[in-house]
K.L.:
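Can you read through this structure? Questions will come right after.
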Amino acid sequence: MKRDLAFDKTNFIYLAIGMVVVIIGFILMSGGGSTEEAYDPEIFSTRRIVIAPAVCLIGFCSMIYAIIRKPKDTEKEK
């Protein structure tokens, strides 16, 4: 008896890859901030305001693709 699941192995792999990419994007965004006593210009670095959000967007798009992707039937219907 074959189960008809919404996702196959490839969908889960794409979801995992997308999640890892999003986590990497959030790690790139992290860092110290400015305080009232000391200004840190690092909060406006290219890594934190351009690269990290782009990496997160790519990760979210790959997760959306993994959800929308239709699994291929491995067994022909009789």
Side-chain angles (χ1 to χ4, degrees):
M1 187 167 133
K2 182 181 184 290
R3 288 193 212 163
D4 290 330
L5 299 176
F7 290 165
D8 63 354
K9 184 178 178 181
T10 308
N11 289 78
F12 286 115
I13 291 171
Y14 287 154
L15 276 172
I17 290 170
M19 183 67 76
V20 168
V21 171
V22 169
I23 290 170
I24 289 170
F26 278 110
I27 290 171
L28 288 173
M29 274 191 245
S30 67
S34 295
T35 63
E36 290 184 21
E37 294 81 28
Y39 171 72
D40 184 15
E42 182 64 22
I43 62 172
F44 298 112
S45 70
T46 303
R47 174 182 58 94
R48 290 172 96 176
I49 64 171
V50 177
I51 296 171
V55 169
C56 286
L57 180 66
I58 291 168
F60 284 124
C61 289
S62 69
M63 290 172 64
I64 290 170
Y65 172 74
I67 293 170
I68 293 175
R69 180 184 172 274
K70 183 178 179 183
K72 296 178 181 171
D73 293 331
T74 57
E75 189 175 314
K76 293 182 181 179
E77 294 181 25
K78 294 180 181 180

K.L.:
Nearest 0.5 Å please: distance from the SG atom of C61 over to the CG atom of L57.
P.N.:
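Rounded to the nearest 0.5 Å, the SG-CG separation comes out at 4.5 Å.
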K.L.:
Mind listing the side-chain donor-acceptor pairs of residues 47-56 below 3.5 Å, one per line with the distance, residues two or more places apart or on another chain?
P.N.:
{"unit_1": "R47", "atom_1": "NH1", "unit_2": "L28", "atom_2": "O", "d": "2.4"}
{"unit_1": "R48", "atom_1": "NE", "unit_2": "M29", "atom_2": "O", "d": "3.1"}
{"unit_1": "R48", "atom_1": "NH1", "unit_2": "G32", "atom_2": "O", "d": "3.1"}
{"unit_1": "R48", "atom_1": "NH2", "unit_2": "G31", "atom_2": "O", "d": "3.3"}
{"unit_1": "R48", "atom_1": "NH2", "unit_2": "G32", "atom_2": "O", "d": "3.2"}

K.L.:
Are I64 and I67 linked, directly or through intermediate hydrophobic residues, by side-chain heavy-atom contacts shorter than 4.5 Å (ILVMFWY only)?
P.N.:
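Shared cluster, no.
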K.L.:
Do I27 and V21 sit in the same hydrophobic cluster, where Ile, Leu, Val, Met, Phe, Trp and Tyr count as joined when their side-chain heavy atoms come under 4.5 Å apart?
P.N.:
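Not linked; separate clusters.
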K.L.:
Could you list the residues that satisfy ring pair (Phe, Tyr, Trp, His ring centres under 6.0 Å) with F26, not counting sequence neighbours?
P.N.:
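Counting only residues at least two positions away or on another chain, F26 forms no ring pair (Phe, Tyr, Trp, His ring centres under 6.0 Å).
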K.L.:
State, with a plain yes or no, whether a side-chain heavy atom of M19 is found less than 4.5 Å away from one of I23.
P.N.:
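Yes - at least one pair of side-chain heavy atoms lies under 4.5 Å apart.
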K.L.:
Rounded to the nearest 0.5 Å, what separates atom CD in E37 from atom OG1 in T35?
P.N.:
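Here the rounded value is 4.5 Å.
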K.L.:
Who are the ring pair (Phe, Tyr, Trp, His ring centres under 6.0 Å) partners of Y65, not counting sequence neighbours?
P.N.:
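Here the qualifying residues are Y14.
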K.L.:
Give me the atom names and distance for the closest heavy-atom approach of P71 to A6.
P.N.:
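P71 and A6 have their closest heavy atoms at CG-O, 3.2 Å.
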K.L.:
Do M63 and F7 sit in one hydrophobic cluster, given that two such residues count as connected whenever their side-chain heavy atoms are within less than 4.5 Å of each other, even indirectly?
P.N.:
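They do share one cluster, since a chain of ILVMFWY contacts under 4.5 Å joins M63 to F7.
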K.L.:
Hey, what do you get for CZ (F12) to OG1 (T10), rounding to the nearest 0.5 Å?
P.N.:
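F12 atom CZ to T10 atom OG1 measures 10.5 Å (nearest 0.5 Å).
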